[in-house]
Number of protein chains: 2
Amino acid sequence: MTNNTTRQDFERSFCPVACALDNLGDKWTLLIIRDLLLGKKRYQEFLASPERIATNILADRLKKLESTGFVRQQIYQQKPVRYQYILTQKGKDLRPVLQALVTWGKTYYPGSRVLDAVE
Amino acid sequence: MTNNTTRQDFERSFCPVACALDNLGDKWTLLIIRDLLLGKKRYQEFLASPERIATNILADRLKKLESTGFVRQQIYQQKPVRYQYILTQKGKDLRPVLQALVTWGKTYYPGSRVLDAVE
DNA sequence: ATATTAACTTGCATTATACAAGCCAATTTT
DNA sequence: AAAATTGGCTTGTATAATGCAAGTTAATAT
């Protein structure tokens, strides 16, 4: 790894699982990552997901995901300036985590289905 | 799957990721699963982990993990009755999720290390 | 008799999440 | 030209989750 990623301090411990969960361990963050991996980019697209995230939570998570380098903002129009969100490599590298969750979820929640392909 | 697992209703959506996170989406649950996968079984062992979970949170999570079928209690001594916690197949099947988190964590938190082998 | 251990529970403060409403600039509709 | 809509949020407030310290209970060890 050519260290261009911001190396954060260990919050709770030096365990890689704990470090990951310091960023991802809540009800919503990984669902936004799922949406991004599925190709969603805009605020309204995230809001349209079936889990119905609240607007303040979504804004907060996008801000955190940006400040922690999972995502970057990209202007897609001037007048008015509007941003879309793109996964960085750090974010894209979560795909195996999401894939493992999909596999587990489909096993223990038969009938569950991913909208598109994360799998 | 010989349906001996309790099929819960979809809480937030029929997405397997959302279903998984309904159970696992917080700061602590997956760390307890990590400990269980590493062979820890008892209350004091979980408390001894470097992340320093609070006792009320640990008790709450163990209760939830049991009621949702990730774990079962096993008496390891009478007088006084003491329980230890064992992963069910549903819990053991989270190993690939943890492995993926370890891989990601070791990449983006260089210097992080799992205590023993989840990896 | 006193202290220690294991597995919790309880009380209270702080932080996170949920829900509804409001804001602002620009575009679209009437 | 005025009114409504769209996109991306922010604000206020209620409820729920988390954190921290202390207490409980039954049994064993000193």
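So that the names make sense, note that chain A is the first sequence line, chain B the second, and so on, each numbered from 1.
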Student: Could you state the atom-to-atom distance from OH of A:Tyr83 to C1' of C:dA26 in whole Å?
Tutor: 16 Å
Student: Does a side-chain N or O of A:Arg61 approach OP1 or OP2 of C:dT17 to a distance below 4.0 Å, or not?
Tutor: yes
Student: Roughly, in whole Å, what's the span from CZ in B:Phe46 to P in C:dA7?
Tutor: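 Distance, rounded to whole Å: 9 Å.
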Student: Say you draw a straight line from CZ of B:Arg95 to CG of B:Leu98; how long is it, rounded to the nearest 0.5 Å?
Tutor: 8.0 Å
Student: Mind listing the residues from residues 47-58 of chain A sitting with a heavy atom below 4.0 Å of DNA chain C? Number order is fine.
Tutor: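 Those residues whose heavy atoms fall under 4.0 Å from DNA chain C, taken from residues 47-58 of chain A in numerical order, are A:Ala54, A:Thr55, A:Asn56, A:Ile57.
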Student: So, does A:Lys63 get its side chain near the phosphate of D:dT10, meaning an N or O under 4.0 Å from OP1 or OP2?
Tutor: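 So the side chain of A:Lys63 is within the cut-off, an N or O lying under 4.0 Å from OP1 or OP2 of D:dT10.
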Student: Check for a donor-acceptor pair, side chain of B:Ser112 on one end and backbone N or O of A:Cys15 on the other, with a separation under 3.5 Å.
Tutor: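 Checking the backbone N and O of A:Cys15 against the side chain of B:Ser112, no donor-acceptor pair under 3.5 Å is found.
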Student: Which listed nucleotide (C:dA7, D:dG8, C:dA18) is nearest to the side chain of B:Tyr76?
Tutor: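 For the B:Tyr76 side chain, the nearest candidate turns out to be C:dA7.
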Student: Of A:Arg12 and A:Leu62, whose closest DNA chain D nucleotide lies nearer the 5' terminus?
Tutor: A:Leu62
Student: Under 4.5 Å between side-chain heavy atoms, chaining through other members, with only Ile, Leu, Val, Met, Phe, Trp and Tyr counted: pull out the rest of the cluster around A:Ile86, sorted by chain and number.
Tutor: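 Members besides A:Ile86: none; it forms no cluster.
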Student: I need a per-nucleotide contact map over nucleotides 25-30 of chain D, read 5' to 3'. Cutoff is protein heavy atoms under 4.0 Å; write B for the base, S for backbone only, - otherwise.
Tutor: -BSS--
Student: Nearest nucleotide by nearest heavy atom, which residue falls closer to the 5' end of DNA chain C, B:Glu45 or A:Lys64?
Tutor: B:Glu45
Student: Name all pairs fulfilling the salt bridge (Lys or Arg N to Asp or Glu O under 4.0 Å) condition that reach into residues 15-25 of chain A, sequence neighbours left out, sorted by first residue then second.
Tutor: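 Pairs touching residues 15-25 of chain A that pass the test: A:Arg12-A:Asp22.
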Student: Which pairs with one or both residues in residues 14-54 of chain A pass ring pair (Phe, Tyr, Trp, His ring centres under 6.0 Å), sequence neighbours excluded?
Tutor: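 For residues 14-54 of chain A, and leaving out neighbouring residues, there are no ring pair (Phe, Tyr, Trp, His ring centres under 6.0 Å) pairs at all.
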Student: Show every donor-acceptor pair shorter than 3.5 Å between a side-chain atom in residues 77-85 of chain B and any protein atom, with sequence neighbours excluded, or say none if there are none.
Tutor:
| unit_1 | atom_1 | unit_2 | atom_2 | d |
| --- | --- | --- | --- | --- |
| B:Gln77 | NE2 | B:Pro80 | O | 3.1 |
| B:Gln84 | NE2 | B:Gln74 | OE1 | 2.9 |
| B:Tyr85 | OH | B:Gln73 | NE2 | 3.1 |

Student: Applying the 4.5 Å side-chain criterion to the ILVMFWY set and letting contacts propagate, would B:Tyr76 and B:Val71 be lumped into a single cluster?
Tutor: no
Student: Could you go through residues 51-63 of chain B and list every donor-acceptor pair under 3.5 Å that involves a side-chain atom there, pairing it with any protein atom two or more places apart or in another chain?
Tutor:
| unit_1 | atom_1 | unit_2 | atom_2 | d |
| --- | --- | --- | --- | --- |
| B:Glu51 | OE1 | B:Arg34 | NH2 | 2.9 |
| B:Glu51 | OE2 | A:Ser13 | OG | 2.6 |
| B:Glu51 | OE2 | B:Arg34 | NH1 | 2.8 |
| B:Arg52 | NH2 | B:Leu47 | O | 3.4 |
| B:Asp60 | OD2 | B:Lys64 | NZ | 3.3 |
| B:Arg61 | NE | B:Asp26 | OD2 | 2.6 |
| B:Arg61 | NH2 | B:Asp26 | OD2 | 3.2 |

Student: How close or far is atom C1' of D:dT18 from atom CG of A:Leu21, stated in whole angstroms?
Tutor: 15 Å
Student: Please check the phosphate of D:dG19 (OP1 and OP2 only) for any side-chain N or O of B:Lys27 closer than 4.0 Å.
Tutor: yes
Student: With sequence neighbours left out, write down each residue that passes side-chain hydrogen bond (donor to acceptor under 3.5 Å, both in side chains) with A:Lys40, or none if nothing qualifies.
Tutor: A:Ser49
Student: May I ask you to evaluate whether A:Tyr85 reaches the phosphate of D:dG7, defined as a side-chain N or O under 4.0 Å from OP1 or OP2?
Tutor: no
Student: Considering only D:dC9, C:dT17, D:dT18, which nucleotide approaches the side chain of A:Trp28 most closely?
Tutor: C:dT17
Student: For A:Lys40 and D:dG7, give me the distance from atom NZ to atom C1', rounded to whole Å.
Tutor: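 In whole Å, D:dG7 C1' lies 16 Å from A:Lys40 NZ.
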Student: Report the residues that fulfil side-chain hydrogen bond (donor to acceptor under 3.5 Å, both in side chains) with A:Gln89, sequence neighbours left out, ordered by chain and then residue number.
Tutor: A:Asp93
Student: Send over the distance from A:Glu11 CD to D:dT18 C1', rounded to a whole Å.
Tutor: 15 Å
Student: Rounded to the nearest angstrom, tell me the gap between atom CD1 in A:Ile32 and atom P in C:dT17.
Tutor: 11 Å
Student: Using whole Å, report how far CD of B:Gln73 lies from C1' of C:dC8.
Tutor: 11 Å
Student: Measure the distance from CD on A:Gln44 to C1' on D:dT5 and round it to the nearest whole Å.
Tutor: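 Computing the A:Gln44:CD to D:dT5:C1' distance gives 11 Å.
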